[in-house]
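Let me begin by presenting the structure, written as structure tokens, before commenting on it.
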Amino acid sequence: MWRYVTKRLLYLVPVLFGVSIITFGLINLAPGDPAELILCSGGVEPTKEAVETLRAELGLNDPLYVQYGRWLGKAVHLDLGKSFRTGRPVAEEIFSRFPATLELACAAMAFMVCLALPAGILSALYRHAFLDHLSRFGALFGASLPGFWLGLMLIYFFAVKLGVLPVMGRGGLRHLVLPAVTLGFGLAAVYARILRAGMLEVLGQDYIRVARAKGLKEKWVIGRHALKNALLPAVTLLGMSCGHLLGGAVIVETIFAWPGVGKFAVDAIFNRDYPVIQGYAFFMAAVFVLVNLLVDISYVFLDPRIRLEGGNSR
Amino acid sequence: MSSSKNSGVGVAGYPAPVESAGQAGTVSHGLPGSALTRLGQDKLALLGLVIILAVVAVAVFAPYLAPNDPVKVDLAQRLAPPGAPYPLGTDHLGRCLLSRLIYGTRVSLATAALALSAIMLISIPLGTLAGYCGGRVDSLIMRVVDVLLAFPGLILALVIAGTLGPGLLNVMLALSLVWWVGYARVIRGMVLSVKEKEFVMAARACGTRELGIITRHILPNVLSPVIVLATLDMGKLILAISGLSFLGLGAQPPTPEWGGMLNDGRPYLQVAPQLMVYPGLCIMTVVLAFNLLGDGLRDALDPRGSTRISL
């Protein structure tokens, strides 16, 4: 098993190297000269000499691979440059906002579990009954519902019409409700279906029949024997869902003025604050890769079959 | 109601994107008859198809259906309630909401279709090359795929589109650069499977050149199912495009696009909620239709699949 973990860790090196190349390359996609952009961010048209001086200062006249090496050297020390707009280090700006995004993602995940778990279990237990159909409808609409529209509709009903929940910013638990529901709803729909399929498969297995034949109470059969195994396919998808949550958080944070990294990145895009955009992409990819690694490793612990296969599986 | 039961009826075997790469089974052009029959029996899939055809018709005949000019500003009529001559009212610039929704169908469908074409243009050659050549070419392409998959998809699309600057073209480009990886993997898997088939070996034994084998024997067996399934991924693309437009990165004023219309209407949520409701309903209906048809088709092609989201 440790061989598997080591292999996965080593696999990270080339992936993160590739991520760094793409992130570095982003700035070269931007129309215009970066030096000119920095000087223009002050709101004054720069002189040609000023642009040239800054180009030399930033090393923009060096070959691309030299610039990349320099950037990578700083990036591994978490120096992702300074924001054009605020002048503060990008890493500092991102780290100060990431807890807000993490809080939102965790709340969305909690909402997702609270909704998907009972919906998945009940629709499997009462297959083809009203609850099952309701859960299927929910899943279908959840997969088709634009998150940004759901957010706006929730604002309209719960904040504008009923006035029961706050709309903007970060605060107590009440501030978290609407953004978390907006972010978690689509995922809850998908997970409910996955869990239902997993439960149906597990409930047909011999060991469940044996457990029932032994006279175990149904709640024990479901809770201890069926659910544990039915959850496995859902766990594998948690890593992918992390990407979904981080991507979705950008839109949700923008709608609810949630002070997380997503909103910060969108603001940076409109301010053409390229170091922030670059830093955000690098940071998010690193988080995504790390979460996927953790999910993969946790799966080894959860599923003995993978453990027994040893280092052969990726 | 659905055709997703584990009937165990013959195996069509076309792999659904991403999840079953490398498991291409039966080789045939287009949809096999049994799959079409199964699709015909899936009422929800047919409902999806009917909605899609209706939406395409609306897009094609937009100039005849729209009651007003979708970009004509009339400040005297701003935020007018529904009624003649504006059946759904007007937006903050006095433009007819219904006409903008109708023309928005064109923009949304065309953008998604163009993005999908670009995705196919990238993924088909790269996926085929990786699968057919194997070795270093395969490793190189697959490492690029791995690196791109290391980014959360929407975030990479967002930063590419954001760096390139707002505009529908840049959104299409960004989504194409991000979205091709999933298809390349599927195509690679299918090519890997098809290239071992006897008819390919026979062609090789007859002295057919490599390029001829790829274009005449492998691609025709790979393309049809991929294109069919990719077309049904349109719903997700429409969602992504409207999401980026909602953030202000996609369609720019005065182009009517559903995501952009939602963004424009945000400040008027309290006084004119219809500006929010209708574009959102349009997006949801179209995405739902594509999801229904997509699920139905996947079921028809692989009746053993059990994790579809459908009714």
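In what follows, chains are A, B, ... by sequence order, proteins preceding strands, each numbered from 1.
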Handout entry: Side chain to side chain, B/D146 and A/Y11, heavy atoms closer than 4.5 Å
Key = yes
Handout entry: Heavy-atom side-chain proximity of B/F246 to A/L152 below 4.5 angstrom
Key = yes
Practice task
Would you name the heavy atoms of A/F270 and B/L247 that are closest together and state the gap between them?
Solution key: CZ-O, 3.0 Å
Practice task
Of all the heavy-atom pairs spanning B/L149 and A/F288, show the shortest one and how long it is.
Solution key: O-CE2, 3.4 Å
Exercise for the section: Measure distances from A/V160 to the heavy atoms of chain B and classify the residue's part below 4.5 Å as side chain, backbone, both or neither. Expected result: side chain
Handout entry: Which portion of A/Y274 sits near chain B, non-hydrogen atoms under 4.5 angstrom
Key = side chain
Practice task
Indicate yes or no: at least one non-hydrogen side-chain atom of B/V287 is less than 4.5 angstrom from one of A/L145.
Solution key: no
Handout entry: Student check: side-chain heavy atoms of B/I283 and A/W149 closer than 4.5 Å
Key = no
Handout entry: chain A contact via B/F151 - side chain, backbone, both or neither, heavy atoms under 4.5 Å
Key = both
Fill in the blank from the handout: All heavy atoms of A/F148 vs all of B/S242, minimum pair found to be CZ-OG, 3.6 Å
Practice task
Might you point out which heavy atoms bring A/V15 and B/A150 nearest each other, and give the distance in Å?
Solution key: CG1-CB, 3.5 Å
Exercise for the section: Kindly give the heavy-atom pair with the smallest separation between A/M284 and B/I155, and that separation in Å. Expected result: CG-CD1, 3.7 Å
Handout entry: Region of A/L16 that comes under 4.5 Å of a non-hydrogen atom in chain B
Key = neither
Handout entry: Option in B/L244, B/V144, B/T163 with maximal non-hydrogen atom pairs under 4.5 Å from chain A
Key = B/T163
Exercise for the section: Evaluate the side-chain contact (heavy atoms from CB on, under 4.5 Å) criterion for residues B/M284 and A/F141: first the C-alpha distance (whole Å), next the side-chain angles of each, then the deciding distance (0.1 Å), finally the verdict. Expected result: CA-CA 8 Å; B/M284 196 179 80; A/F141 280 99; 3.8 Å; yes
Problem - Closest non-hydrogen atom pair, B/V147 against A/P14 - result: CG2-O, 4.4 Å
Handout entry: Side chains of B/L292 and A/L140 in contact at under 4.5 Å (non-hydrogen atoms)
Key = yes
Practice task
Please check if atom CD in A/Q205 has more than 12 non-hydrogen atoms from other residues, nucleotides or ligands closer than 6.0 Å.
Solution key: yes
Completion exercise
Most contact-rich option vs chain A, by heavy-atom pairs under 4.5 angstrom, among B/P279, B/G243, B/A289, B/G265, is B/G243
Exercise for the section: Could you tell me which portion of A/L26 (side chain, backbone, both or neither) has an atom closer than 4.5 angstrom to a non-hydrogen atom of chain B? Expected result: both
Problem - A/F17 portion near chain B, given a 4.5 angstrom heavy-atom threshold - result: neither
